[in-house]
Undergrad: 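Quick one: structure below, then a few questions.
All values below come from the heavy atoms of this structure, side chains included, with hydrogens, waters and symmetry mates left out. Chain naming here is simple, since letters A, B, ... match the order of the sequence lines and numbering starts at 1 in each.
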Amino acid sequence: MYAGGPGAPLPAVGAAPAAAPPQQQQQQQVSSAAAPLPPLPPQPPAPSWQVSATADPAAAAPPPPAAVGPLQQSAPRQRRRCAEVCNDLLVAEAASLFTQRQYGPAAPAALEAVGFRVGRQLAERYSRDKARLGDTLEVIKFVCKDFWQAVFRKQVDNLKTNHRGIFVLQDHSFRWLLRLAPTAPLADGARAEAQARAAQPYLHLPCGIIRGALTHLGVNCTVEADARALPSCSFTIKITA
Amino acid sequence: MSAAVLTFVIVGQQDHPIYEVDLTGPKEQQAQYLHQFVLHAALDAVDEAMWATKELYLKTVDRFNNLFVSAFATPGGARLLLLHDGRGDDGVRAFFGEVYELYIRVMLNPFHTPSTKIVSKTFDHRVRMAAKRTLG
């Protein structure tokens with residue numbers, strides 16, 4: 001049962017926006033239905049509700065249960081946040097999914113292709129209002145600082161180059177592999193190799209993302225990752241063409 | 001009001017047009033091939049302007065008779081070109097800003113391949129609205 005003035009839109013979506021500040025923007029008839037909800041935080045008085053209550057006795061009836069819409073719909077739009085663990089789980093699941101598939105391209109190529117596309121789009125987005133980047137070194141620096149900050153939540157710790165087209169980006173605590181890392185770096189060579197092999201499936205996606213970002217900004221290259229000393233991870237970028 | 005010659009083209013990274021719209025009013029008939037030719041020829045001038053400066057908005061890069069070509073270069077390598085007859089700088093800059101925003105949204109669409117034509121009707125509609133708003 002939906003008690004509202006004439007022309008009130010249908011349940012939850014229409015009712016919830018009535019509660020908070022943008023009330024004045026909403027049609028007066030809409031606010032009547034949601035105002036009587038008790039659990040909502042104190043809100044500015046709803047004059048239209050008073051008016052319609054007297055006009056329509058049915059408005060005093062119990063509020064429609066479905067109208068407890070999320071208050072966020074009416075509050076000024078806040079940035080939505082997502083837990084970081086969702087990203088870790090998604091990457092892990094993607095790696096295992098592509099590894100188990102019997103058809104289609106092999107897991108490394110498939111994951112890299114996915115990462116490539118994502119990297120292109122992310123580069124487009126994060127290079128938004130920055131000046132255009134001139135040469136390769138500037139592009140790499142952009143990837144190390146702004147792009148890495150946005151995607152991996154920190155900046156690259158160490159950038160090395162041999163000035164002949166090879167760059168090594170070293171991240172001392174790579175967030176995506178943080179859960180995979182042992183508490184102390186492994187000293188034993190063989191175990192480090194085994195660890196690097198174990199981490200390999202999870203690195204195809206970041207490599208693809210980096211390669212996509214670089215290619216989109218004009219630097220054709222190949223990217224390889226080295227996870228021998230987790231949580232520190234290094235990416236080797238070789239410029240081609 | 002003088003005849004408003006306005007054609008807008010987005011050129012992708014491989015120098016091919018990925019979006020084209022004719023923004024003239026309904027009553028004016030213009031030679032479309034001339035616009036395309038002028039815009040294509042202006043790409044060289046856009047390249048020169050890009051080498052000269054790091055700015056995104058390149059102002060007027062080329063002229064042909066009484067037609068001006070203004071350009072905006074995105075960091076990703078796409079160029080937005082506008083063919084007009086001497087519109088105000090502010091309007092053109094505002095228009096480019098709005099279309100750049102729309103362009104980024106299209107590029108973020110996972111179902112869109114970056115080097116193919118933009119066929120979204122919503123995009124088309126919004127570009128036209130932005131043109132009306134900023135360019136008159």
Undergrad: Below 4.5 Å from any heavy atom of chain A, which atoms of Glu55(B) appear? Answer side chain, backbone, both or neither.
TA: backbone

Undergrad: Does Asp135(A), at its CG atom, have more than 12 non-hydrogen atoms belonging to other residues, nucleotides or ligands within less than 6.0 Å?
TA: yes

Undergrad: Could you check whether any side-chain N or O of Glu124(A) sits under 3.5 Å from a backbone N or O of Met107(B), counting only pairs where one atom can act as donor and the other as acceptor?
TA: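 No, Glu124(A) side chain to Met107(B) backbone: no donor-acceptor pair under 3.5 Å.
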
Undergrad: Apply side chain to side chain contact (heavy atoms under 4.5 Å, CB included) to the pair Arg117(A) and Thr113(B), showing each step before the final yes or no.
TA: CA-CA 9 Å; Arg117(A) 190 189 208 150; Thr113(B) 317; 3.8 Å; yes

Undergrad: Would you say Lys59(B) has more than 12 foreign heavy atoms packed within less than 6.0 Å of its NZ?
TA: no

Undergrad: Quick check on His40(B): does its NE2 atom have over 12 non-hydrogen neighbours (other residues, nucleotides or ligands) under 6.0 Å away?
TA: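 Check fails, neighbour count at 12 or below.
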
Undergrad: Looking only at non-hydrogen atoms, find the nearest pair between Gln13(B) and His216(A) and report the distance.
TA: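 Smallest interatomic distance, heavy atoms only, reads NE2-O, 2.8 Å.
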
Undergrad: Looking at Leu108(B), Thr53(B), Ile104(B), which one has more heavy-atom pairs under 4.5 Å with chain A than the rest?
TA: Leu108(B)

Undergrad: Take Gln121(A) and His112(B), measure what side chain to side chain contact (heavy atoms under 4.5 Å, CB included) needs, and give me the verdict at the end.
TA: CA-CA 10 Å; Gln121(A) 294 170 324; His112(B) 178 263; 5.9 Å; no

Undergrad: Give me the atom names and distance for the closest heavy-atom approach of Pro75(B) to Ser127(A).
TA: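 Minimum heavy-atom separation between Pro75(B) and Ser127(A): CG-O, 3.0 Å.
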
Undergrad: Can you say whether Arg125(A) sits under 4.5 Å from chain B via the side chain, the backbone, both, or neither, judging by heavy atoms?
TA: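 For Arg125(A), the contact with chain B is made by backbone and side chain together.
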
Undergrad: Looking at His16(B), I'd like to know if its NE2 atom is crowded, meaning that more than 12 non-hydrogen atoms belonging to other residues, nucleotides or ligands lie closer than 6.0 Å.
TA: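 Above 12, so yes.
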
Undergrad: Does CZ in Arg126(B) sit with more than 12 non-hydrogen atoms of other residues, nucleotides or ligands closer than 6.0 Å?
TA: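 No, because the 6.0 Å sphere around CZ of Arg126(B) holds 12 heavy atoms or fewer from other groups.
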
